[in-house]
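Taking it in order: structure first as structure tokens, then the write-up.
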Amino acid sequence: MARAPALDWGWKTSPAVDAALVAGGAYSVAAVGALSGMPPAHALMVGGLGAAAQAAADLYQRRPGWHITARCAAWLTAGGWTAQALADHTALTWHTAGWWAAGTAAGMTLARGLAHAETAAREQRASRRLQMWANARAREWHERLERLFRLEGHTVEGVMPWKSNAGYTVRVAMPSATPQLPADAVRKLATDLKLPRGGGIQITDGLVYGEIHIRVTTKDVMSEELPIPHGPDDMTVTSIYSGLPLGLQPDAQEVRVSVVDDCALFIGQIGSGKTNVVNVSNAGALRTNDTVVMHIDVTGAGIALPWLRAWAIDGTSDVPLIDYVADTEEEAHMLADFLIAGIGARKSGHQDLLSGEDDKLTVGPDLPEVLLVVDEIAELSPRLLAKLDTIVNTGRAVRVRMIICGLRATQDTITAAMKKQSRVRVGMRVSDPEELSHLFPTGAARLDPKAAPGRGCGFFSAPDAEDIVRDPAPYKAYRITPKVIQRLAAAYGGRRPRLEAEFLDTAPARYYASRWGRVLPRLYKSKALAATTVPYTDMEILRPPVDEVTGIPDTGAETDEGASGGGDAASSKPGTPGRRAASDGAPAGRRFGSDALAALLNSPRTGPPPGEAAGEDRTVIHAQFGRVVAQAGGPADRPDPVPRLLLDAHQTVTEAGGRLHTGDLATRLGLDAVALGKELSQILKAVGVERPGIGSVRIGEVSKSGYLAETLAEAITRYRNTQ
């Protein structure tokens, strides 16, 4: 949004320019006045009034006496020269102009010198006042520490006020015998200082052993609501490397946490403002152009719905702000499998980027970071938590990171891996100090929950610029409202990056394209969706088969070679020797699809040749989950390399007029549509055949996923040519 131009009536000139302007005015008056007969006394009167006004202003500002004298002399000199030029009518002569130029140069030099001298004097006065204030505070603190804690041998090395005037920091060198203050020091110091509600004491370690910093908040800066900045300058494009802004510390410094190398853990009891902090972090991540944000929230997707409204309902964004939302346990398993497989694909597909000076990927718009936000972690099953642990443990190098949110940081809600790998920790308002001890490994004993009393207040701990985790400190989170979210969502939609091809070339990724066709009907039920959702829902909805015992969807992640990150990268590519080897001699894997498809794939085309054992029947299609069909049917003397399913599909599509939707094809073959689509896709990939139009076939006015007879015929030809 362009900012409207505004008039600026302020003076933004230097003292030297001011002197030149005054001299130019004097010369103009002298030249014009000489032609119009202006009396010289007028110039003297103006010069005298200017000198008097200058003296009064300087006295009011308490400038030194010689500064006042110099400025008054400049006014009188300008008035005298102007009067002389008016009396002799000589303003336009070289002699008079020369004296004018010399006086102008002297005035400019004098003005510049006076300004520099006054600035230095002002700084010296401020420094002296600050030093006097710091010395007084240092004496007070030396006596206070000695009185409250019977401390001896300590030195108060400095007291530094904060720029926000909300407090100051005391730097203390502790004696070797007592390197730390006692655990109740925070409460004693706050009581002794009579700090207001909202003020507080924070004790942190210094830069060297034996030094502590006592941060004293003297104003209640955490009681006021802090709206998240959302002006034009606050919505410019940023990078994930700049961190996620969460709020302000008591000294008005902004809290920024990095989720490039580390995961983050957000904890807060009900009503503490944790959801607000999650949405603030969403805003920070979505402001970037190098981050793909995904959500898992099986309690209704509450953290995603405000960000999806601009795309799904209002139509003000062409793309969904949240790239993937898992609102059920089943969908969360699919998302977790997708990310685990993507981690492995990135490790094998970006080896050239991981083998340089840094063994971690550098993200950008073409290779974005994937940030998974998981809310209400306690509601997830142990099997799903195990998959999330895998993402936490293996995704750092390829920039797949997580923000984990829960009510408590205890072992019954947060796994050990999540807690250990989350160096960024945020704890919102709590009622029990023990909650902070669970969350923060160090420094929690010094925290006082009363330092963060209101909604939106909390404590945070994160690595600093030297990658050292700092002790937890209080902060006040920004407040973000649904109205602001709608405005930000409309502005951030155009900068959303997309996942690269390597991430999408895995077995679980086949369900990625139709994710919104599965999720949106559950999120919005009977609500009318905007036209911007059509490109994401007008396609065949793929759903993986679900294990009847565990209820976990089978996305193919367990048998896809690239999914674990440790397999052969070539074996996951269609048409590569690794893939063909897996098809020709791989052991039997997991079966998939409907019973009808399984029966079809395992039925013999012809009887076994004479003398061949029934257990070694070469006339059977061997279907393995996630692998291309190994087919050797046909006459006994010359096996047919074309899979039977491909032949039957080609014949059915040809009889239907040359094109047929996947669902109709499955109905005519008596098979499950999802299983049929997956197997035919693998069969076509094995010989490098791609369906035109990303598999979309238009029949009449309806465009859905389907097959053309020409495409299937080309695949048959390639199978027979590769015999």
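Just so it is clear, the model here is predicted, and its values are computed rather than measured.
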Counting only heavy atoms not in Arg150, do more than 12 fall under 6.0 Å of its CZ? no
(request) Indicate yes or no for a side-chain donor-acceptor contact from Thr77 to the backbone of Ala73 under 3.5 Å, with no hydrogens or angles considered. (result) yes
Applying side chain to side chain donor-acceptor pair (under 3.5 Å) to Asp262 and not counting sequence neighbours gives none
*asked:* Tell me if a side-chain donor or acceptor on Asp234 pairs with a main-chain N or O of Gly231 at a distance below 3.5 Å.
replied: yes
- Task: Please answer whether the main-chain N or O of Val260 pairs with a side-chain N or O of Arg396 as donor and acceptor at a distance below 3.5 Å.
- Result: no
Give every donor-acceptor pair under 3.5 Å between a side-chain atom in residues 206-216 and any protein atom, sequence neighbours left out.
{"unit_1": "Glu211", "atom_1": "OE2", "unit_2": "Leu207", "atom_2": "N", "d": "3.4"}
{"unit_1": "Glu211", "atom_1": "OE2", "unit_2": "His213", "atom_2": "NE2", "d": "3.1"}
{"unit_1": "Arg215", "atom_1": "NE", "unit_2": "Gln202", "atom_2": "OE1", "d": "3.4"}
{"unit_1": "Arg215", "atom_1": "NH2", "unit_2": "Asp251", "atom_2": "OD2", "d": "2.6"}

Between Arg399 and the options Thr291, Thr362, Asp261, the side chain to side chain donor-acceptor pair (under 3.5 Å) test singles out Asp261
Lys360 meets the side chain to side chain donor-acceptor pair (under 3.5 Å) criterion, sequence neighbours left out, with Asp358
Problem - Main-chain N/O of Leu193 paired to Arg144 side chain as donor or acceptor, under 3.5 Å - result: no
Do Arg470 and Asp205 meet the salt-bridge criterion of a basic N to acidic O distance under 4.0 Å? no
Closest heavy-atom pair, Leu286 versus Arg495, reported as atoms and distance to 0.1 Å, is O-CD, 3.9 Å
- prompt: With no hydrogens and no angle check, is any side-chain donor or acceptor of Ser242 less than 3.5 Å from a backbone partner on Thr238?
  reply: no
